[in-house]
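In what follows, a single structure is set out as structure tokens and then discussed.
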There are 2 protein chains.
Amino acid sequence: MRRMSEEPRTSRIQRQVVQLILDRRLTAGAPLPTEAELMEDLGVSRNSVREALKALQALDIVEIRHGYGTYVGQASLTPLVDGLTFRTLARHDDDPGALAEILQVREVLEEGLIRRVAATVTEAELDRLEGVVTRMERAGGTGRSFPELDREFHEILYASLGNAQLLGAFWTVFRRVSGARGWTADPSPEITVRRHRDIVTALRARDVEGAQRAMAVHFRGIEARAAQESRGVG
Amino acid sequence: MRRMSEEPRTSRIQRQVVQLILDRRLTAGAPLPTEAELMEDLGVSRNSVREALKALQALDIVEIRHGYGTYVGQASLTPLVDGLTFRTLARHDDDPGALAEILQVREVLEEGLIRRVAATVTEAELDRLEGVVTRMERAGGTGRSFPELDREFHEILYASLGNAQLLGAFWTVFRRVSGARGWTADPSPEITVRRHRDIVTALRARDVEGAQRAMAVHFRGIEARAAQESRGVG
DNA sequence: TGTTATTTGTTCGTATGTATT
DNA sequence: GAATACATACGAACAAATAAC
């Protein structure tokens, strides 16, 4: 008699490789056994090993370098960004709710976290934020580097909390989806600059409520723009 | 002369399959071309097709059914859970900050979203929440189904906002990591039941501030427990 | 500089397991 | 049960990239 529905070989190999990383306490960048070694150690063919490694590479759990070797990956949030972007895009254009959900998460996260930031932000960080706003002002009409500066602002803001990467991931998803639909989130450069400056001003005054309110206002602007676009009003 | 650093074949195939799904507006569960068809259409070998499909399967963008066919995946948040769990676990046990970050995100999200829930929650939903709390009370000491009930509570709470899946993902990551380190987040069954009942009571009274405060108190308890455990105090 | 060894990338052929009809 | 269509898995070979000598 034969067992039915055994675990697929590729899945098993995936688990074994992950367990190997955890057991040996390997950190990002550490070398992994070569494909040939994994074949021998796990008693499977090269194709099975490769399929498992490809799957883990997609999750950024391993990193494969052609002609060099396989290494522990950075476990970055790239798969999260790719997955959420596809998920949002695949819900079709007639569903504006999908994009609104991403924005809602960003909004709630940033409005909540800025209260903690206000309590711990240093003068040096405030100066860096001020610098970004100034560069925004200079960039002005040339929309080229504007989104990058916006991202930089939000990254500096939450760097001290350790959650900056996660915030950045949601930022990227929102931008990619809106970009794929042919529009950008900024209402107008002048207003966007002003909103960001208001946030820095409130933070400098250690005004927790004011900072949260300024962030809320900033997001109201983005929301309005998104609602406008999703109605097909170019 | 030869072009240097062309895009790896597997990556190209991945993009092409994703584009195919988007272009044809295929939804979850729709059948994809068979491996043989993809080989022909894209002009590559079976192994390359399989490696690309395995990578997309890891992202839940496609679903492969042995002996049956390949289908568009659910684009669920499973990869997010796997990735974040590995990411948190791989930062080693001596770094309590990694787990604290996950908890911080949950806390900020739930405390922010419950304000919106309070404004829109229906009587029927409140009754369902009440029912979960009652079942918690009955489960009492038997810690068996307790975590499941907790999860169910939080899922019902945010179901109307459409972000329940994302919240559930963070819930699962937190639980898996704490589980892998041999402890559970509940301070004591009685207190946990009480905290949840307080939330329902505040919601029923349409008390936005009270609901947020009750949620905050709930998370303070979890935080305290996590801090205790990460110090090695069993 | 160029040569060589190592490692991953890609392909083919073949056999086997699985689900549907 | 049989036939068919499909995914799963193995082995061998050659191509391409990288590092080190």
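None of the values given here were measured: they were computed from a predicted structure. Naming: A, B, ... by sequence-line order, numbering from 1 per chain.
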Q.
Please determine whether a side-chain nitrogen of the Lys or Arg among B:D82 and B:R176 lies less than 4.0 Å from a carboxylate oxygen of the Asp or Glu.
A. yes
Output the rounded distance in Å from [atom1] ([X]) to [atom2] ([N]).
X: B:M39; N: D:dA5; atom1: CE; atom2: P; value: 17 Å
X: A:E51; N: D:dG11; atom1: CD; atom2: P; value: 14 Å
X: B:I64; N: C:dA19; atom1: CD1; atom2: P; value: 15 Å
X: B:E40; N: C:dT11; atom1: CD; atom2: C1'; value: 16 Å
X: B:H66; N: C:dT16; atom1: NE2; atom2: P; value: 14 Å
X: A:E35; N: C:dT6; atom1: CD; atom2: C1'; value: 12 Å
X: A:Y68; N: C:dG9; atom1: OH; atom2: P; value: 15 Å
X: A:K54; N: C:dT7; atom1: NZ; atom2: P; value: 18 Å

With a cut-off of less than 4.0 Å, is there a side-chain N or O of [X] near OP1 or OP2 of [N]?
X: B:T70; N: D:dA7; answer: yes
X: A:S48; N: D:dC10; answer: yes
X: B:R50; N: D:dT8; answer: yes
X: B:T10; N: C:dG9; answer: no

Nearest to the side chain of [X], which nucleotide is it out of [options]?
X: A:R9; options: C:dG9, D:dC10, C:dT11; value: D:dC10
X: B:V44; options: C:dG9, D:dT8, C:dT11; value: C:dT11
X: A:S45; options: D:dC10, D:dT8, C:dA19; value: D:dC10

Q.
Between the base of D:dG11 and the side chain of A:N47, is there a donor and acceptor pair under 3.5 angstrom?
A. yes
(Q) Once hydrogens and angles are ignored, does a donor-acceptor distance under 3.5 Å link the base of C:dG9 to the side chain of A:R46? (A) yes
Q: Could you let me know what C:dT21 is paired to, Watson-Crick or G-U wobble, both distances under 3.5 Å, or none if it's on its own?
A: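 Checking every strand shown, C:dT21 finds its partner in D:dA2, with both distances under 3.5 Å.
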Q. Can you tell if the side chain of A:F146 reaches within under 4.5 Å of the side chain of A:T192, non-hydrogen atoms only?
A. yes
Q: Side-chain contact test, heavy atoms from C-beta onward, threshold under 4.5 Å: evaluate it for B:Y158 versus B:N163 and give yes or no.
A: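 SC-SC contact between B:Y158 and B:N163 ruled out.
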(Q) With side-chain contact (heavy atoms from CB on, under 4.5 Å) as the criterion, how do A:R24 and A:V72 come out once you've worked through the C-alpha distance, each side chain's angles and the decisive distance to 0.1 Å? (A) CA-CA 11 Å; A:R24 299 190 187 174; A:V72 177; over 6 Å; no
(Q) Could you walk me through whether B:T70 and B:E63 satisfy the side-chain contact (heavy atoms from CB on, under 4.5 Å) test, starting with their C-alpha distance in whole Å, then the side-chain angles of each, then the deciding distance to 0.1 Å, before giving a yes or no? (A) CA-CA 6 Å; B:T70 308; B:E63 182 188 350; over 6 Å; no
